[in-house]
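Just below is one structure, and these are the notes that go with it.
Source: prediction; values computed, not measured. Hydrogens, waters and symmetry mates play no part in the numbers below; they use all other heavy atoms, side chains included. Chain letters run A, B, ... following the sequence lines, proteins first and then strands; every chain starts at 1.
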There are 2 protein chains.
Amino acid sequence: MAMQAAGTDRPATIHDIAALCGVAASTVSRALSTPDRVNIRTRERIQAAAAELNYLPNSQAKALSSGRTGAVGVLVPDITNPFYFDLIRGTQLQLKAAGYTQLLVDTEESDEVEASTLEQLRKTADGVIVAASRLTDDALLAAAGKAPLVTINRDVAGVPAVIIDTPSATSQALDHLISLGHTRVAYIAGPLTSQSSERRWTALSEAAQDRGVEVRSLGPFAPKTQSGAAAADAAVHSGVTACIAFNDLIAIGMLQRLRERGIRVPEEMSIVGCDDIFGADFCNPPLTTMASPIEQAGRVAVSMLLAKLNPLAGGGIRTRSVMPTHLTVRGSTAAAPAPSTAP
Amino acid sequence: MAMQAAGTDRPATIHDIAALCGVAASTVSRALSTPDRVNIRTRERIQAAAAELNYLPNSQAKALSSGRTGAVGVLVPDITNPFYFDLIRGTQLQLKAAGYTQLLVDTEESDEVEASTLEQLRKTADGVIVAASRLTDDALLAAAGKAPLVTINRDVAGVPAVIIDTPSATSQALDHLISLGHTRVAYIAGPLTSQSSERRWTALSEAAQDRGVEVRSLGPFAPKTQSGAAAADAAVHSGVTACIAFNDLIAIGMLQRLRERGIRVPEEMSIVGCDDIFGADFCNPPLTTMASPIEQAGRVAVSMLLAKLNPLAGGGIRTRSVMPTHLTVRGSTAAAPAPSTAP
DNA sequence: TTGAAAGCGCTAACAG
DNA sequence: CTGTTAGCGCTTTCAA
């Protein structure tokens with residue numbers, strides 16, 4: 001049984017260990033944090049005592065005196081968006097493996113919440129990972145100047161980032177639609193403040209120009225299934241035969257709306273989503289979408305951040321990492337409907 | 001522009017404010033934490049100075065000296081399970097509203113991870129909310145003795161809890177199936193360590209006995225869509241015409257498997273899920289399931305916890321709160337298939 | 001290699 | 001109402 005210090009049952013401190021071993025508290029501190037700077041025999045005595053007393057370092061105290069908190073913040077715009085599940089799991093696993101604690105915050109798609117969270121985290125965390133930031137480039141750059149920070153899906157010069165390369169997959173998606181005979185395609189845009197959406201649209205319109213087909217942008221729409229209805233209506237009204245949506249949430253919402261309206265997918269309208277979130281494979285019809293290794297993106301982001309925090313021997317620090325994306329074809333896309341004007 | 005203390009750019013402390021106002025640091029502390037114990041004029045001077053210096057309290061220091069951290073831990077067994085989204089959002093909103101920080105941890109369906117997290121959190125958090133604990137009753141009771149703790153979906157004598165009343169909804173589900181003509185029903189069980197699953201099964205078998213129909217338990221199955229295939233196969237093999245699944249994840253997985261096997265839902269097999277998670281309404285066919293106010297459950301759990309942390313004037317503390325659940329009928333249930341034996 | 005001492009920034013008695 | 005004085009538990013000089 002683990003004895004408690006002096007019979008009390010409050011958690012043991014280094015002083016308890018020091019007393020038990022007849023050494024100074026500072027020696028205990030060293031033995032526990034920098035073992036090689038302590039005589040091996042006393043070190044072992046101390047470690048044994050620590051185990052015996054069931055010692056657990058107090059992270060607050062540690063943080064206060066050392067300046068490092070052992071925690072890193074992870075900011076996501078919407079925790080209920082399945083896209084972030086795997087990302088969060090990826091960061092959490094990698095962080096835990098490195099002995100860090102994850103501080104997960106839902107910034108509610110709000111740049112203000114994001115900014116204030118970032119500010120608060122400067123004291124609370126050693127670094128921050130920001131997914132799909134809604135902040136301006138300048139704000140982000142400033143934040144990155146004040147604290148170690150890496151973004152996910154946000155490309156700002158001077159800010160380390162892991163980018164999920166959906167733009168290139170978007171061209172693939174367009175080619176897929178073209179090969180099916182579509183010539184009028186809509187891009188269903190995400191939030192104005194989303195750089196992903198912007199990059200996607202740029203890539204898409206360039207690709208369209210190359211291929212001589214027509215694409216138009218509809219929106220912006222909030223990245224939620226509820227937006228799907230408006231998006232679907234807009235798409236139908238615009239006369240396109242296929243849509244590439246900002247994300248799967250919107251795409252799934254569109255699927256539902258089109259079904260309500262009796263418009264068949266994919267016969268009368270093809271839909272392509274993005275992210276391959278939970279649900280994309282079992283919605284009706286299953287969604288053609290762009291998939292990427294999101295959990296891995298989370299891990300990579302953590303690695304990049306930790307590399308900044310602990311500038312060890314290892315070579316230079318990566319400041320930009322691009323994750324590949326590929327098209328996963330399912331039932332929501334098919335050949336374009338025959339033109340309605342008879343020959 | 002906010003001036004920085006003494007021209008340095010390190011974050012301002014109460015000492016900087018004290019110096020600027022010509023008062024003692026402790027007065028600043030009071031003015032900021034217990035404003036009513038300070039002369040209104042000096043208080044205002046101090047608050048102005050704090051704003052001017054862009055003062056932000058250091059939570060570590062605060063925690064170290066006061067013993068309170070301003071954080072509460074929220075433990076969930078699987079962060080990628082959509083069931084927890086709304087729960088997490090509920091706790092986060094309520095916590096933030098009360099000025100607390102949420103420490104979200106994914107315990108990976110592991111009792112060990114859960115136990116060690118709980119231990120670590122004793123220092124780091126003022127209290128803990130544990131959803132769907134995989135711990136034994138004794139372990140949970142012990143943990144609740146050492147730190148303020150409230151469970152969600154886990155009923156242990158002496159431990160405050162918010163319970164989502166799926167057992168009662170389960171009877172509703174059974175009645176629904178019976179009214180459709182089903183007489184042989186299977187319960188697709190969740191993890192052995194899940195008390196929810198156990199309670200559900202108890203309620204279901206009692207209700208079945210009352211109504212004179214046959215139910216059997218199949219499983220246990222992991223609460224993931226991947227388990228759906230095995231569950232579906234087991235159900236088909238057992239000869240039942242309807243299933244009540246531990247949760248929607250499994251139910252959705254079953255839907256997929258049955259489709260693969262060419263078994264029509266609901267014509268040949270009816271499926272009822274539980275939780276009404278993201279996806280239950282747009283899977284194919286849409287899932288009949290049991291819905292409950294999960295976000296609210298999260299809020300209630302937080303309220304109960306905070307009531308323990310701040311024993312204010314308000315009357316007695318609720319130690320148990322039951323959230324209602326109701327059946328949401330969608331396309332995955334229908335009349336029982338006619339018996340295969342002709343008259 | 002070890003000990004003593006001085007904080008980290010804040011709160012909490014205890015006087016005044 | 002306000003100032004003084006101790007710490008919270010740990011790290012980190014600086015000597016020894």
Next item on the list: Quick one: do B:Glu108 and A:Arg89 satisfy salt bridge (charged side-chain N to carboxylate O under 4.0 Å, His left out)? Show the steps, please.
Entry: CA-CA 10 Å; B:Glu108 301 164 37; A:Arg89 165 154 285 183; over 6 Å; no

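- Contact of the A:Leu32 side chain with the A:Tyr55 side chain is registered, since non-hydrogen atoms from C-beta on lie closer than 4.5 Å.
- C:dG7 atom C1' lies 16 Å from atom CD of B:Gln60, rounded to whole Å.
- Using a 4.5 Å cut-off on side-chain heavy atoms (C-beta onward), B:Leu87 and B:Ile152 make contact.
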Check: Would B:Arg154 and B:Asp137 satisfy salt bridge (charged side-chain N to carboxylate O under 4.0 Å, His left out), going step by step from the backbone distance to the final call?
Finding: CA-CA 9 Å; B:Arg154 180 56 181 271; B:Asp137 284 13; 2.6 Å; yes

Note to self: For nucleotides 10-16 of chain C, give me one character per nucleotide, 5' to 3': B if any protein heavy atom sits under 4.0 Å from the base, S if the only such contacts are to the sugar-phosphate, - if neither.
What the structure shows: BBBB---

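- In this structure, B:Thr124 contributes its side chain and B:Gln120 its backbone to a donor-acceptor pair below 3.5 Å.
- A donor-acceptor contact closer than 3.5 angstrom is absent between the side chains of A:Asp138 and A:Thr136.
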Notebook entry, point to check: What do the steps show when you test B:Arg43 against B:Gln47 for side-chain contact (heavy atoms from CB on, under 4.5 Å), and what is the final call?
Noted result: CA-CA 6 Å; B:Arg43 180 207 313 171; B:Gln47 289 172 335; 3.7 Å; yes

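- Of all nucleotides in DNA chain D, those with any atom nearer than 4.0 Å to a heavy atom of chain B start and finish, going 5' to 3', at D:dC1 to D:dG9.
- Looking only at atom types and distance, the side chain of B:Gln60 has no donor-acceptor partner in the side chain of A:Thr69 under 3.5 Å away.
- Counting only heavy atoms from C-beta outward, the side chains of B:Leu121 and B:Leu75 approach each other to under 4.5 Å.
- Helix bend of the helix from C:dT1-D:dA16 to C:dG16-D:dC1: the angle between its two end axes, each built from five pairs, comes to 30° after rounding to 10°.
- You'll find the side chain of B:Asp126 stays beyond 4.5 Å of the side chain of B:Pro148, heavy atoms only.
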